Amino acid sequence: MIKFITPMKVCMIYNRTEESNKVFNNFLNSYFFENFKIKPSILESQGITPKFIEFFFRGNCPSNCDYCYLARYGKELYPIELNNDELLIQNLIKVLNWYTKNNFCANIELFSGRFLDGPLGEKILKTIYEHFSQENIGICKPEIISIPDDMQFLLIEEQEKMVQSYIDKFMDIGIILAFSASIDGKYCDNHRFGEREELFYEKVKNFIRKNNAGIHPMISPENIDKWIKNFDWFCSWDNELIDNAMLLEVRNNEWEEDKITHYLKFLNHMFNYYIKKYTINGKIDMDLLFRKIIRHSGGGRRTLGLSTPMTVHLKSNLPYEGRGMTCSVQNQFTIRMGDLSLPICHRTAYENLIGGKLIVEDDKIVGIEGKNIETYITCMAMTLDSLPKCTKCEYVDLCLGPCYGSNYETEGQLFYTGNTICNLLKEKFRFIILKLSAIKAFDWLKENQNDTFEMFQMAIEELNNYIRCDDSGYLEKLEELIYDFNQ
């Protein structure tokens, strides 16, 4: 039977769509776009977190790392037909013109797929450089364009020269082209460089030092059993670089008990390295240690940690700022460049989760239409202590928290965290608390930084209750590890 849509229903659908678009545009204006019109350095000086724009170029990557969501779900996150170089450059030009027309000066991130290995990389950098080097551009340009990359372009001489030339060119127009090297280390890179491994890491080290680049190795369930010797290799490779590295735990729901055991042994090994480093004349210099490991970031947030795996995320000390998600998802406006869709982030770019899309008419972006705006807005506004499994968790004030994309991949929903990820993070904080107790760090914190100490109090009480109730012998084994300062 054919069903007819009456004029009244057409009107209702139109009004609902129009209202939805209005809500979405109002949200984006207040949440992102007003922030984009103020220079990031000015926002930071006022204690406000600068938000940024991510250009998501590709959903496939030749590296195919075992733990990577692009290797597993790339075709769903980024339909194959959108991986078209000509289309990407055409859309990039549209987005850059829209950026300038709106008087934006937000920082930009170029993401994914080793695009610098081939011709697309030069086209992207050339297009962006030519746009922002125009005489009439004024202040409507980013201070930083960041590129996370696994750096394999350094093994292609012509690409290495091209990238360096653009780093220098961008610097001449007042823009820093900032790289963060996604390299996992000699024992965790699966020998993908073959006989060129030594050459590769030497080139990476020289590039990082020359261009003040960052480094963010990935700690995954697949490689955790190798991380003790991998960490030692990093220290011998360049102990200053590993001191400032952002070591990232892969929050896939695959952290089984044996993997967590390896993880805790690694944390103990790394913790001991820093204890020895900050022991002077037989005594740990707590002031030096905590000045090193307490970090301040935008919006008054602080993190406490010995490199990222040791990091404890502390609540903001500003009363008006809530405790949001700890990754960058709530600070980045992601554009899937193949079709100008607006996903929550690149790991949640599934079609049913797309928040909206940039509208193009006559080769110009003229507006934004909403799609799944309810989910998009909820993800941007979500706080860690509002998530179902986190609400009553004693570690919520300290926790790194889950990943929306990982949750969706394994649980079929964005806000429910896989059990093994929770187990990993809880074990991590129990370990940190016990290790800090073993070196009497809390006594020092209570006397010298009581506000930081107070952040730990609920977790310490929970841990003491756990210890009193535990009859499995598990904590005895953990304590054996914690008091082993020779590992």
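Note that the structure is predicted; figures quoted are calculated from it, not measured.
Between the side chain of Asn25 and the backbone N or O of Asn21, at least one donor-acceptor pair lies under 3.5 Å. With hydrogens and angles ignored, the 3.5 Å screen pairs no side-chain donor or acceptor of Thr100 with any backbone N or O of Asn97. Judged by distance alone, the side chain of Glu160 and the main-chain N or O of Leu155 form no donor-acceptor pair under 3.5 Å. At distances below 3.5 Å, not a single donor-acceptor pair connects side-chain atoms of Ser63 with backbone N or O atoms of Cys65. When atom types are taken as modelled, the side chain of Asp385 and the backbone of Thr391 share no donor-acceptor pair closer than 3.5 angstrom. Between the side chain of Gln330 and the main chain of Met380, a donor-acceptor pair closer than 3.5 Å is present. For Asp149 (side chain) and Met151 (main-chain N/O), a donor-acceptor pair under 3.5 Å exists by modelled atom type. Side chain of Ser20 to main chain of Thr17: no donor-acceptor pair is present (N/O by atom type, distance under 3.5 Å, no hydrogens or angles). No donor-acceptor distance shorter than 3.5 angstrom exists from the side chain of Lys226 to the backbone of Cys188, with no hydrogens or angles considered. When atom types are taken as modelled, the side chain of Glu143 and the backbone of Asn107 share no donor-acceptor pair closer than 3.5 angstrom.
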Determine, step by step, whether Phe104 and Trp98 satisfy the side-chain contact (heavy atoms from CB on, under 4.5 Å) criterion, reporting the C-alpha distance in whole Å, the side-chain angles of both residues, the deciding distance to 0.1 Å, and the verdict. CA-CA 9 Å; Phe104 292 162; Trp98 173 76; 3.8 Å; yes

Give the C-alpha distance, both sets of side-chain angles, the deciding distance and a yes or no for side-chain contact (heavy atoms from CB on, under 4.5 Å) between Lys186 and Phe234. CA-CA 8 Å; Lys186 178 178 179 178; Phe234 264 121; over 6 Å; no

Checking Glu18 against Lys22 for the salt bridge (Lys or Arg N to Asp or Glu O under 4.0 Å) test, could you report, in this order, the C-alpha distance in whole Å, the side-chain angles of both residues, the deciding distance, and whether it holds? CA-CA 6 Å; Glu18 185 180 40; Lys22 188 182 295 184; over 6 Å; no

Step-by-step side-chain contact (heavy atoms from CB on, under 4.5 Å) determination, Phe179 to Ile215: CA-CA 8 Å; Phe179 279 77; Ile215 173 175; over 6 Å; no

Apply side-chain contact (heavy atoms from CB on, under 4.5 Å) to Phe27 and Ile373, showing your working. CA-CA 10 Å; Phe27 172 79; Ile373 72 167; over 6 Å; no

Verdict with supporting geometry, Glu249 and Lys428, salt bridge (Lys or Arg N to Asp or Glu O under 4.0 Å): CA-CA 11 Å; Glu249 295 123 330; Lys428 166 183 176 173; 3.0 Å; yes

Go through Glu240 and Arg209 one step at a time and tell me if the salt bridge (Lys or Arg N to Asp or Glu O under 4.0 Å) criterion holds. CA-CA 10 Å; Glu240 185 179 334; Arg209 291 201 168 279; 3.8 Å; yes

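Considering every non-hydrogen atom in both Thr420 and Glu256, the closest pair reads CG2-OE2, 3.9 Å. The heavy-atom pair separating Pro142 from Ile108 by the smallest distance is CG-CD1, 4.0 Å.
Using a 4.5 Å cut-off on side-chain heavy atoms (C-beta onward), Cys379 and Thr375 make contact. Ile128 has its side chain within reach of Leu110: a pair of non-hydrogen atoms, C-beta onward, lies under 4.5 Å apart. The shortest distance between side-chain heavy atoms of Asn223 and Asp184 falls below 4.5 Å. Within the 4.5 Å cutoff, no side-chain heavy atoms of Asn372 are placed close to those of Ile354. Within the 4.5 Å cutoff, no side-chain heavy atoms of Tyr69 are placed close to those of Asn252. Proximity of Phe115 to Asp85: side-chain heavy atoms (C-beta onward) are nowhere separated by under 4.5 Å. Counting only heavy atoms from C-beta outward, the side chains of Leu177 and Met171 never approach each other to under 4.5 Å. The side-chain heavy atoms of Phe52 and Phe36, taken from C-beta on, include no pair separated by under 4.5 Å.
In this structure Phe56 satisfies the ring pair (Phe, Tyr, Trp, His ring centres under 6.0 Å) test together with Tyr78, Phe111, His346, sequence neighbours excluded. By the side-chain contact (heavy atoms from CB on, under 4.5 Å) test, Asn211 pairs with Gln164, Ile167, Phe207, sequence neighbours left out. Scored by the salt bridge (Lys or Arg N to Asp or Glu O under 4.0 Å) test, Lys371 finds Glu351 as partners (sequence neighbours excluded). Annotation: ring pair (Phe, Tyr, Trp, His ring centres under 6.0 Å) contacts of Phe170 (sequence neighbours excluded): Tyr129. Residues meeting the side-chain contact (heavy atoms from CB on, under 4.5 Å) test with Thr127, sequence neighbours left out: Ile89, Leu92, Ile93, Leu96.
Within a 6.0 Å sphere centred on CG of Asp172, heavy atoms belonging to other residues, nucleotides or ligands number more than 12. Within 6.0 Å of CD in Glu81 there are more than 12 heavy atoms belonging to other residues, nucleotides or ligands. Within a 6.0 Å radius of CG in Asp362, no more than 12 heavy atoms belonging to other residues, nucleotides or ligands are found.
Going from atom CZ of Phe266 over to atom CG of Leu247 covers 5.5 Å, rounded to the nearest 0.5 Å. Atoms CZ and OG, from Arg114 and Ser182 in turn, are 11.0 Å apart once rounded to the nearest 0.5 Å. Here the straight-line distance linking atom CG of Asn91 with atom CG of Asn84 works out to 9.5 Å at 0.5 Å rounding. Rounding to the nearest 0.5 Å gives a distance of 11.0 Å between CD1 of Ile176 and OG of Ser146. Of the inter-residue distances, the one linking Tyr350 atom OH with Leu77 atom CG reads 4.5 Å to the nearest 0.5 angstrom. The distance from atom CD of Glu76 to atom CD of Glu409, rounded to the nearest 0.5 Å, is 9.0 Å.
Under the 4.0 Å criterion applied to side-chain N and carboxylate O atoms, Glu254 and Lys259 are not assigned as salt-bridge partners.
Taking the ring axis of Phe333 as reference, the NZ or CZ atom of Lys51 does not stay both within 45° of it and closer than 6.0 Å to the ring centre. For Lys389 and Tyr416, the positive end sits near the middle of the six-membered ring, less than 6.0 Å away and at most 45° from its axis.
If you look at Tyr67 and Trp255, their ring centroids are not closer than 6.0 Å. Taking the six-membered ring for Trp and the full ring otherwise, the centers of Phe24 and Tyr31 sit at least 6.0 Å from each other.
In the model, Glu427 has no side-chain atom that pairs as donor or acceptor with a side-chain atom of Tyr263 under 3.5 Å. Side-chain N/O atoms of Asp150 and Gln152 include a donor and acceptor closer than 3.5 Å. A donor and an acceptor atom, one from each side chain of Thr383 and Ser386, are located under 3.5 Å apart.
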Please tabulate, for the side chains in residues 338-345, all donor-acceptor contacts under 3.5 angstrom to protein atoms that are two or more places apart in sequence or on a different chain.
residue: Asp339; atom: OD1; partner: Arg336; partner atom: NE; Å: 3.1
residue: Asp339; atom: OD1; partner: Ser341; partner atom: N; Å: 3.1
residue: Asp339; atom: OD1; partner: Ser341; partner atom: OG; Å: 3.2
residue: Asp339; atom: OD2; partner: Arg336; partner atom: NH2; Å: 2.7
residue: Asp339; atom: OD2; partner: Ser341; partner atom: OG; Å: 3.1

